[in-house]
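Input: a single structure, listed below in C-alpha cells.
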There are 2 protein chains.
Amino acid sequence: MPPGLPRDVPVRGETLDATARRVLRNSVSVHEQYLEQLYTLNVPEVANRWSIIVGYIALVSSTTGPVASDAITWSPTEALTHIGESDRMVIDYAVVRLRAKLGYTNIAFHLLPPTFTLTELQNAYETILARRLDKRNFRRRMIASGILDETSDKRRDGSHRPAALYRFRADLDTATYLTPHWSDPADGANTT
Amino acid sequence: MPPGLPRDVPVRGETLDATARRVLRNSVSVHEQYLEQLYTLNVPEVANRWSIIVGYIALVSSTTGPVASDAITWSPTEALTHIGESDRMVIDYAVVRLRAKLGYTNIAFHLLPPTFTLTELQNAYETILARRLDKRNFRRRMIASGILDETSDKRRDGSHRPAALYRFRADLDTATYLTPHWSDPADGANTT
DNA sequence: ACAAAAGTGTTCATTCTACACCCATGA
DNA sequence: TCATGGGTGTAGAATGAACACTTTTGT
C-alpha cells in the first residue's frame with residue numbers, strides 16, 4: 001500500500017458514508033465497523049484539479065477480520081512517517097476525538113469482543129488514553145454508568161480467579177450518547 | 001432571499017473556509033466573524049448532479065454589521081419553516097455544537113461587544129442555553145475560569161449601581177480551548 | 001502452598017448547587 | 001426615599017482521587 005491514508009473518489013449516487021465504507025473495505029478487507037465523519041479539508045491542487053477530502057474515522061473490532069489479538073494494541077501514530085501533512089492532521093484530530101468520545105459514548109464496544117472482562121475493558125481505555133487508570137475507580141464508574149450488562153459466564157484463563165464476563169447493553173445503538181462516565185483530566189481539551 | 005440556508009459553489013483554488021466566508025458575506029453583508037466547519041453531507045441528486053454540502057457555522061457580533069441590538073437575541077430555530085430537511089439537520093446540529101462549545105471555549109466573545117458586563121455575558125449564555133442560570137454561581141465560575149479581564153471602567157445606564165466592564169483576555173485566540181468553565185447538566189449530550 | 005489476576009470500601013479533597021440580602025445610583 | 005439592577009458568601013451534597021488487602025483458581 002502506498003504511504004498515506006487510503007482514499008478514493010466517490011461513485012455516482014453513492015452516499016459519503018458508503019464511499020467511506022467502500023474505501024475501508026478495499027484497504028483493510030473489513031466491513032461492518034463503526035464509522036464517523038471527521039472533517040472536510042482542502043488539499044493543494046495537483047494536476048490542475050481542485051479537490052477536497054472528507055475524512056472519516058473507523059473502529060475495527062479486533063475479533064472480526066484480519067486483526068487477531070487478545071489485547072488491544074495501539075500503533076503509535078507518531079511512528080507513521082512518510083505520510084502527508086494533511087494525513088497527519090487528520091490522524092491527530094481523530095485521536096483527540098476518539099479519546100473524548102470514550103468518555104461519554106459506548107464506542108469502546110467496537111474495540112472489544114462481544115463479551116469481555118472488566119480488566120480487558122480497562123486495558124482498552126488505558127491504551128487509547130495512553131495512561132494508567134485506577135482499577136477500583138474504573139470498575140465502579142463503569143458499573144455505575146449503566147452501559148454494561150453482566151453475563152452469568154466467567155472466563156477461566158490461567159491459575160487464578162476467573163473473571164466475570166460483561167457485554168455492552170444490547171439496547172444501545174452503536175455510538176449512544178450517555179451521561180459522562182469518564183472524564184480525562186489529562187488532556188483537558190474537549191471534542192471538536 | 002429564497003428559503004433555506006445560503007449556499008454557493010466554490011471557486012477554483014478557493015479554500016473551503018474562504019468559500020464559506022464569501023457565502024456569508026454575500027448573504028448577510030458581514031465579514032470577519034467566527035467560522036467553524038460543521039459537517040459534510042450528501043444531498044439528493046437534482047438535475048442529474050451528484051453533490052455534497054459542507055456546512056459551516058458562523059457567529060456574528062451584534063455590534064459590527066447590520067445586526068444592531070444591545071441584547072443578544074436568539075431567533076428560535078423552530079420558527080424557521082419552509083426549509084429543507086438537510087438544512088434543518090444542519091441547524092439543529094449547529095445549536096448542539098454551539099451550546100457545548102460555550103462550556104469550554106471563549107466563543108461567546110463573538111456574540112458580545114468588545115467590553116461587556118457580567119450580566120450581559122450571563123444573558124448571552126442563558127439565551128443560547130435556553131435556561132436560567134444562577135447569578136452568583138455564574139459570576140464565580142466565569143471569574144475563576146480566567147478568560148476575562150476586568151477593565152477599570154464601569155457602565156452607567158439607568159438609576160442603579162453601575163456595572164463593572166470586562167473584556168475577554170486579549171492573548172487568547174478566537175476559539176481557544178480552556179479548562180471547562182461551564183458544564184450544562186441540562187442536555188448532558190456533549191459535542192460530536 | 002504459592003503465584004497470579006480478580007475483586008472489593010473508605011477517607012479526604014474538591015466541586016457543584018441552592019439560596020437572600022446589601023450596595024450604588026438616578027430620578 | 002425609592003426603585004432598579006449590581007454585587008457578594010456559605011453550608012450541604014455530590015463527585016473525584018488515592019490507596020491495600022482478600023478471594024479464587026491452577027499447578
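Below, chain A is the first sequence line, B the second, and so on; all start at residue 1. Everything numeric here is computed off the predicted structure, so don't read it as measured data. Just so it is clear, the values below take in all heavy atoms, side chains as well, and ignore hydrogens, waters and symmetry mates.
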Whether [X] contacts [N] is assessed here as follows: a side-chain N or O lying under 4.0 Å from the phosphate OP1 or OP2. Is that the case?
X        : N      : answer
A:Ser159 : C:dA4  : no
B:Arg141 : C:dT17 : yes
A:Thr119 : C:dA6  : yes

Sub-4.5 Å side-chain heavy-atom contact between [X] and [Y]:
X        : Y        : result
B:Leu129 : B:Arg99  : yes
A:Leu59  : A:Phe109 : no
B:Leu111 : B:Phe116 : no

Heavy atoms under 4.0 Å, any strand shown: does B:Thr117 hit a base, just sugar-phosphate, or nothing?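 Touches nothing.
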In whole angstroms, how far is the [atom2] atom of [N] from the [atom1] atom of [X]?
X        : N      : atom1 : atom2 : result
B:Arg161 : C:dT25 : CZ    : C1'   : 10 Å
B:Phe116 : D:dG5  : CZ    : P     : 21 Å
A:Gln122 : C:dA5  : CD    : P     : 14 Å
A:Leu133 : D:dA17 : CG    : P     : 10 Å
A:Lys154 : D:dT24 : NZ    : P     : 11 Å
B:Arg156 : C:dA27 : CZ    : P     : 12 Å
B:Lys135 : C:dC19 : NZ    : C1'   : 13 Å
B:His160 : C:dC21 : NE2   : P     : 22 Å

Reference residue B:Asn137; test side-chain hydrogen bond (donor to acceptor under 3.5 Å, both in side chains); the match among B:Arg141, B:Arg139, B:Arg140, B:Lys135: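 Single side-chain hydrogen bond (donor to acceptor under 3.5 Å, both in side chains) partner of B:Asn137 among B:Arg141, B:Arg139, B:Arg140, B:Lys135: B:Arg140.
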How long is the span from the CH2 atom in B:Trp50 to the CG atom in B:Asn48, to the nearest 0.5 Å?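 These two atoms lie 13.5 Å from each other.
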Are the side chain of [X] and the backbone of [Y] linked by a donor-acceptor contact shorter than 3.5 Å?
X        : Y        : answer
B:Gln37  : A:Thr40  : yes
A:Glu126 : A:Leu133 : yes
B:Thr117 : B:Leu165 : no

Using the rule that Ile, Leu, Val, Met, Phe, Trp and Tyr join whenever any side-chain heavy atoms are under 4.5 Å apart, tell me whether B:Leu16 and A:Leu16 fall into a single cluster.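 Yes.
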Please list, for nucleotides 9-15 of chain C, all pairs of protein and nucleotide N/O atoms separated by less than 3.5 Å.
unit_1	atom_1	unit_2	atom_2	d
C:dG9	N7	A:Arg140	NH1	3.3

Comparing B:Ala163 and A:Pro162 on DNA chain D - which has the more 5′ nearest nucleotide: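 Taking each residue's closest nucleotide, the earlier one in sequence belongs to B:Ala163.
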Give the angle between the helix axes at the two ends of the helix from C:dA1-D:dT27 to C:dC21-D:dG7, taking five base pairs at each end and rounding to 10°.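 Between the first-five-pair axis and the last-five-pair axis there is 10°.
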